[in-house]
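I have placed the structure first, in the form of structure tokens, so that the comments after it can refer back to it.
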Amino acid sequence: MDYSKTVNLPKTDFPMRANLNTRELEIIKYWDEINLYQKLIDKNKNNNPYILHDGPPYANGNIHIGHALNKILKDIIVKYKCMRGFYTPFVPGWDCHGMPIEHKVIELLGAKHKQMQKKEIRDECKKYALKHIEIQKKDFIRLGCIGEWENPYLTLDPVYESAIIEMFGELVEKGYIYKGLKPVHWCFHCETALADAEVEYDNHSSSSIYVRFKIKNKNNLDLPDNTYFIIWTTTPWTLPANVAIALHPEFVYNLVLAANNYYIIVDDLTENVAKRISADFKIIKQYKGSELEKIICSHPFIDRDSVIINADYVTKDTGTGAVHIAPGHGEEDFIAGKIYKLPTISPVDNQGKFTNEFSDCKGINVFDANKLIINKLKQSNDLIGDPETIEHQYPHCWRCKNPIIFRATHQWFLKVDHLNLRKKILDCIDNNVNWIPNWGKDRISAMVKLRPDWCLSRQRIWGVPIPVMYCKNCQEVLISKKCIDYFKNLVEKYGVDSWFTMTASELLPPDTKCEKCGSAEFEKETDILDVWFDSGASHIAVLEKREYLSSPADLYLEGSDQHRGWFQLSLIPSYATRGRAPFKSVLTHGFVVDESGKKMSKSEGNVVSPQDIINKYGSDILRLWTSYEDYRNDVSIGGDIINRIVESYKKIRNTMRFLISNLYDFNRQNDYVEYDKLLEMDKWTLAKLYELNEKITSAYNEFKFHTIYHSIYNFCIKELSSFYLDILKERLYLSGSSSIERRAAQTVLFELLKAITKMIAPILSFTAEEIGKFYPQIKNNNESSIFENEWVELNPKFQNIDLIKKWQMILDIRSDVLKALEITRKTKNINHSLESRIIIWCKIENLYSELLKIKDELRSVFICSDLIINNYEENENNDNFDYNGDFAAVVVQKLETKKCSRCWKYKENTDTDSNYPNICKECIDIIKQYYK
RNA sequence: GGGCCAUUAGCUCAGUCGGUUAGAGCACUGUGCUGAUAACGCAGGGGUCCGCCGUUCGAUUCGGCGAUGGCCCA
């Protein structure tokens, strides 16, 4: 007889090698065919919603690893919540307007763009954005992310654009919007404002001068009348805009007598500066910077006060420790000016020439005026020492390469303190939003606390216009809810392009007149809105406008850079217009860094592209990676890490494959064995599975995906592969194929396969679906997708803490037995454990009698041919153990009996029946019963 | 320069509400099996818990300073 026909070896076509890169494509096609996303939405449409609102990536370039991390994390949550029965519409979005696209398009157009109309350039930008959206969309779908991909939200959609206008209108109505001055980078060759990204730093030579300001009002300090502050500057032309001098509040300043006058100079630089006046100087007295605040000086050549203020950013490595402040010509100066309510003076026109405001140099270019101003200072004797020429890094225009200036211009702002908004937002951050991790609260609070008013206007082309007009006759601003609403309706139909294609009167309600002069002629504002205003309107444009969504969202999930970005800039207008945050919870993830923790950059050559990983290994590898590390901190990736992920993927896959391969002849209807008839170790495994599920489920609820990875992976290795499944092979292969012992084992395998497949489904989506398709019995009603199934449901009977405790002791004993086996492998020439008889002396109190009850089961646990159990307490003067462990003393005997060629055990009763040569009695019985 | 975050074995993570020899899996080394086989099992080695100072009888854990790396700002 061919005994091999009586051995139930595992059987399956489920491939050991995943070939994910090709198999995943088939699964994506399948999802598309069955319209998986719609199915899932429909299934739960009457249930509680869970809205994860997608933050829009910028529609530029291919997706990078950070995008992949972000979208996969979102997808894991959406899928999990969906399996929990929540209604989970997920609408992906893209941020379409803005400088980077405009920049790129102009670069591609070359000189041609100068002859083009704004509308034509905008069309090119739109084309560019749409093209990249398609590229990125394909990649996101390839990652296995589900969502409304055929109808995503785009910030360039007319419906979206109209919501931006609507939000702006509401802010206008409530009084948040005002026009004010702000310094910006300005190129007077191109006559345009430049964004930070358009500024290049290059060498430039400037005149460096020291200038004295005489004290006019001592603010009750005991100072001589002829006392001066000295400032140092490399931009003499900004002196006409000087309104203050900043000192560091903590620095020590000396009152110095030199050449019959008194000067105030920071301690560390006193010698350096005083020498310029006279080699002979004397320190009279010292003051802290904070004491000198509010002293008033006279401007050296203009009839204007210059007030002493305090600022933390003052340094003492160069200059004098007293910094010339011109809020019209510097960012920091401007902020200091805001704090001290100083005027913003900027007497310079678009061409970089002085205006009437500084009539001495009227019509003269600022750089040319440097000399004239220095001469003026010489004349008034306020120049300290001689001017010097220095080479330093200075901002230049990216386009014309000429040096640029900082110049105050009129800009539109959102007033953050209007109607006590800032305080209310801080309160909302504190009490009404759940920040995960918790420190996110402190981070965004600190930003909101200190942020200046939001400058909304940009002097660009590719964006949403600021819907404001100016009277052609008297220049009065026309900014009203009524006009904005009128425009909004046009935008719904024609998009914001109408602002560029239609005339002012077409864009205004009929009969609109200037409130000041009554004229009906208007000019359109040419500025557009900051792109952050676009994405900050998404909660209105998407959550409110799409009737199947709702606001506030349950969750926003982005990188931690968005505390300053999208989270804050959604929160501000949302609170201003709706009186609440647009999100209930905000979850942040860290950044992707290389294997040594360094940021990725082209120049370092450490950039990892998601496309490469997908093509080489598959999306599930990338998805597994997102759960491998704790994403709340930075996550690293590189070749070694990917290799490890691939290895652990194989382990999980092989474990699942083993389960499947032993269930080939199992029918859940007929063969499922009821719980009470299972063996103890079966119940133990189900109890461990129950424990695992509790752990996994709460980890999903708390978004701790790395805990899920570690738990499942460890479960596969420790509980299953090296223990339960290893032991189970004997029962699966050698018991009668339809015996209750084997069916009991299969019942457990079935429960394991069903539960683990669901547990991994949100993460290893492709693999879970593949398993579901291959072994459809694990799906409750033979649904077309594993994701249509409810979350893991386990029989409450599986929970069994006492059994886990008891079997922990058995595991401890097993570990002593394994050590003994390892020793005897060498000393007694034992190779396979089945060659042995194991004799144990149990050392654990009260366990001995329990062990006797399950002796047969324990024999299989130790995978030996014979087991003898003794109580260590009853052991008399025997110390001849192979291993004497903490839990058991063990002797391993090598059996010289014949090996049964069916079950491979070594037993006395082998080869005793000539009808069944070479096999043991137990095997003969089984063959007689099951394989006649 | 400022705000926030991180730092435990080669890697990814546990953990210690301050208390004996700090854990897991992987990787590594050795080894067994050949009925999960481009699989599976077993055993072993490996850590100044980033550094310094302080609080304490006692610190990897608490506090301060610093280093390195990250994000945001200047």
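Bear in mind the structure is a predicted one, so any value in this text is a computation, not a measurement. In what follows, chains carry the letters A, B, and so on, assigned in the order in which the sequence lines appear, proteins first and then strands, with residues in each chain numbered from 1.
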Under 3.5 Å, is there an N or O donor on one side and an acceptor on the other linking the side chain of A:Thr707 and the base of B:A14?
no
Side-chain N or O of A:Ser721 less than 4.0 angstrom from OP1 or OP2 on B:G41?
yes
Send over the distance from A:Asp634 CG to B:C4 P, rounded to a whole Å.
17 Å
Separation between the P atoms of B:C49 and B:G19, rounded to whole Å:
15 Å
Is the backbone of A:Ile919 close enough, under 3.5 Å, to the side chain of A:Arg902 for a donor and an acceptor to pair up by distance?
no
From the candidates B:A14, B:C11, B:C72, the one with an atom nearest any side-chain atom of A:His706 is B:A14
Rounded C1' spacing from B:A6 to B:C50 in Å:
11 Å
Taking the side chain of A:Ser722 as heavy atoms from C-beta outward, which of B:A14, B:G70, B:C42 is closest to it?
B:C42
Partner of B:G44 by Watson-Crick or G-U wobble geometry, both contacts under 3.5 Å, or none?
B:C28
I'd like to check, for A:Phe715, whether its ring lies over the base of B:G25 with centroids under 5.5 Å apart and a plane angle smaller than 30°.
no
Looking only at side-chain N and O atoms, does A:Lys729 come under 4.0 Å of OP1 or OP2 in B:C40?
no
A:Glu835 bridged to A:Lys899 by N-O distance under 4.0 Å
no
Along nucleotides 26-32 of chain B, 5' to 3', which nucleotides get a B, which get an S, and which get a -, given that the test is a protein heavy-atom distance under 4.0 Å?
S---B-S
Side-chain N or O of A:Lys718 closer than 4.0 Å to phosphate OP1/OP2 of B:C42
no
In terms of side-chain heavy atoms of A:Lys599, which of B:C71, B:C4, B:A39 is nearest?
B:C71
Touch check for A:Asp630, heavy atoms < 4.0 angstrom, all strands: base, sugar-phosphate only, or nothing?
sugar-phosphate
Any salt bridge linking A:Arg731 with A:Asp682? Criterion: basic side-chain nitrogen under 4.0 Å from a carboxylate oxygen.
yes
Under 4.0 Å, heavy atoms only, any strand: does A:Arg653 hit a base, just the sugar-phosphate, or nothing?
nothing
Distance check: side-chain N/O of A:Arg657 vs OP1/OP2 of B:U37, anything under 4.0 Å?
yes
Can you tell me if the side-chain N/O atoms of A:His563 get under 4.0 Å from OP1 or OP2 in B:G3?
no
Across the strands shown, which category fits A:Leu821 at heavy-atom distances under 4.0 angstrom: base, sugar-phosphate, nothing?
nothing
Please check: side-chain N/O of A:Asp816 versus main-chain N/O of A:Ala889, any donor-acceptor pairing under 3.5 Å?
no
Under-4.0 Å salt bridge between A:Lys754 and A:Glu751:
no
Of the listed nucleotides B:C11, B:G3, B:A36, the one nearest the side chain of A:Ala446:
B:G3
Between A:Lys819 and A:Val635, which is nearer to the 5' end of RNA chain B once each is assigned its nearest nucleotide?
A:Val635
Round to a whole Å and report the spacing from CD of A:Glu558 to P of B:C72.
14 Å
Distance-only, no hydrogens or angles: does the A:Thr824 side chain make a donor-acceptor pair with backbone N or O of A:Thr827 under 3.5 Å?
no
For the side chain of A:Lys650 and the base of B:A39, is some donor closer than 3.5 Å to an acceptor across the two?
no
Remember a base hit wins even if backbone is also touched, and classify A:Gly597 as base, sugar-phosphate or nothing at under 4.0 Å, heavy atoms.
sugar-phosphate
Measuring only the C1' atom in each nucleotide, how far is B:G32 from B:U68? A whole number of Å is fine.
45 Å
Both distances below 3.5 Å, Watson-Crick or wobble geometry, any strand: find the nucleotide opposite B:U16.
none
Distance-only donor-acceptor check, side chains A:His324 and A:Thr238, under 3.5 Å:
yes
Between A:Lys449 and A:Asp442, does at least one N-O distance fall below 4.0 Å, as a salt bridge requires?
no
In whole angstrom, give the distance that lies between atom CD1 of A:Ile712 and atom P of B:G25.
17 Å
Base-pairing assignment for B:U68 (Watson-Crick or G-U wobble, both under 3.5 Å)
B:A6
Sugar-phosphate, base or nothing in reach of A:Asn714, heavy atoms under 4.0 Å:
sugar-phosphate
From OH of A:Tyr883 over to P of B:A43, roughly how many Å is that when rounded to an integer?
10 Å
Can you check whether any acceptor in the base of B:C71 is under 3.5 Å from a donor in the side chain of A:Arg443, or vice versa?
yes
Checking all strands, does A:Glu595 fall into the base, sugar-phosphate, or nothing category for heavy-atom contacts under 4.0 angstrom?
nothing
Could you please name the partner base of B:C49, counting Watson-Crick and G-U wobble pairs only when both distances are under 3.5 Å?
none
Send over the distance from A:Glu702 CD to B:C13 P, rounded to a whole Å.
17 Å
Looking only at side-chain N and O atoms, does A:Lys704 offer a donor or acceptor that is under 3.5 Å from a partner on A:Ser698?
no
Candidates B:G69, B:A24, B:G41 - which lies nearest the side chain of A:Asp726:
B:G41
Using whole Å, what does the distance between atom P of nucleotide B:C73 and atom NZ of A:Lys449 come to?
19 Å
Would you please say whether a donor-acceptor pair under 3.5 Å links the side chains of A:Asn606 and A:Glu595?
no
Touch check for A:Ser901, heavy atoms < 4.0 angstrom, all strands: base, sugar-phosphate only, or nothing?
base
Under 4.0 Å, counting only non-hydrogen atoms across every strand here, what does A:Ser596 touch: a base, just sugar-phosphate, or nothing?
nothing
A:Leu818 side chain, from C-beta outward: closest of B:A43, B:G35, B:C13
B:A43
May I ask you to verify if any side-chain N or O of A:Tyr733 is less than 4.0 angstrom from the OP1 or OP2 atom of B:A36?
yes
Measure from CH2 on A:Trp439 to P on B:A6 and round the result to the nearest Å.
8 Å
Are side-chain N/O atoms of A:Ser290 and A:Asn310 paired as donor and acceptor at under 3.5 Å?
no
Contact class for A:Arg17 vs. all strands (heavy atom < 4.0 Å): base, sugar-phosphate, or nothing?
base
Any strand: nucleotide that pairs with B:C33 via Watson-Crick or wobble, under 3.5 Å:
none
Taking for each residue the nucleotide of RNA chain B with the nearest heavy atom, is it A:Tyr628 or A:Thr655 whose nucleotide lies nearer the 5' end?
A:Tyr628
Roughly how many Å is it from CH2 in A:Trp435 to C1' in B:C71, rounded to a whole number?
15 Å
